[in-house]
Amino acid sequence: LGPRTEIELYYLWLLFGIRRGHISGADLVSTSPKIQVADMSVGLPFPDDAFDVLVASHSLEKSNDPERTRDEIRRVVRPDGWVLVAGDTMPEGAPATETWPIPVRYFRDGVQGLIELYGVRLEEIDYLQAHSPHGFEIIFRVRK
């Protein structure tokens, strides 16, 4: 979700060996036939249980409707599929009431906020880095 350009899709092929024909993207803006134009907070243009793996790198915290986005991700990832999220958190020391130009309120509580929203249990988490240079990273399984 939110690949912006095909180069991010290319990295999935190059670094992880995912066949290019098996990679799709969705973003608000795109000129690539591999990246469909869609708003994740409204709905994703993919069928139920379409993906084994979903990558959302710095896109979920920008959702206008975090609960709808969560439901859409759960809908399009097959049971026991994987979700990888890299997300931003509020800058350290920032007042909780401060307004930011991007709706980062979604991850105001950092990775804990994501875990609570998605109802992720400890045994479903494969990888967790709460203080990465990118904000945080988590890989978890989707249970249905």
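One-based numbering along the sequence shown.
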Indicate if [X] and [Y] have the same hydrophobic cluster label, given that clusters are the connected sets of ILVMFWY residues with side-chain heavy-atom separations under 4.5 angstrom.
X	Y	result
Tyr11	Tyr127	yes
Leu122	Val120	no
Leu9	Trp13	yes

Candidate pair Glu67 and Arg70, rule salt bridge (charged side-chain N to carboxylate O under 4.0 Å, His left out), full reasoning: CA-CA 5 Å; Glu67 290 80 10; Arg70 173 202 58 209; 5.6 Å; no

How long is the straight-line distance from [atom2] of [Y] back to [atom1] of [X], given to the nearest 0.5 Å?
X	Y	atom1	atom2	value
Leu54	Ser24	CG	OG	10.5 Å
Glu72	Asp65	CD	CG	10.0 Å
Phe51	Arg75	CZ	CZ	9.5 Å
Ile23	Leu12	CD1	CG	5.0 Å

CZ (Phe46) with more than 12 external heavy atoms under 6.0 Å: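 Yes, because the 6.0 Å sphere around CZ of Phe46 holds more than 12 heavy atoms from other groups.
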
Looking only at atom types and distance, does a side-chain atom of [X] sit under 3.5 Å from a main-chain N or O of [Y], one as donor and one as acceptor?
X	Y	result
Ser30	Ile35	yes
Glu137	Gln129	no
Arg68	Ser63	no
Arg74	Arg143	yes
Arg141	Asp80	yes

Audit row: Leu28, Val37, side chain to side chain contact (heavy atoms under 4.5 Å, CB included) steps and yes/no: CA-CA 5 Å; Leu28 289 172; Val37 175; 6.0 Å; no

Using side-chain heavy atoms (C-beta onward) and a distance below 4.5 Å, is [X] in contact with [Y]?
X	Y	answer
Asp48	Val76	no
Pro66	Leu60	no
Val55	Val53	yes

Side-chain ion pair, Arg121 and Glu124, N-O less than 4.0 Å: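 Looking at Arg121 and Glu124, the cut-off is met.
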
Short N-O contact, Lys144 and Asp49, less than 4.0 angstrom: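 Yes, charged N to carboxylate O under 4.0 Å.
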
Candidate pair Ile138 and Ile115, rule side chain to side chain contact (heavy atoms under 4.5 Å, CB included), full reasoning: CA-CA 9 Å; Ile138 183 172; Ile115 288 170; 3.9 Å; yes

Closest approach of [X] and [Y], non-hydrogen atoms and distance?
X	Y	value
Met40	Leu1	SD-CD1, 4.2 Å
Thr69	Ser41	OG1-CA, 3.4 Å
Glu8	Pro3	OE2-O, 2.6 Å

Worked verdict on Ile139 versus Ile125 for side chain to side chain contact (heavy atoms under 4.5 Å, CB included): CA-CA 6 Å; Ile139 300 173; Ile125 297 173; over 6 Å; no

Pair Phe140-Leu84, side chain to side chain contact (heavy atoms under 4.5 Å, CB included): steps then yes or no: CA-CA 7 Å; Phe140 62 92; Leu84 177 140; over 6 Å; no

Passing candidate, side chain to side chain contact (heavy atoms under 4.5 Å, CB included) with Trp82, options Val77, Asp126, Val142: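 It is Asp126, the one option of Val77, Asp126, Val142 that forms the side chain to side chain contact (heavy atoms under 4.5 Å, CB included) with Trp82.
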
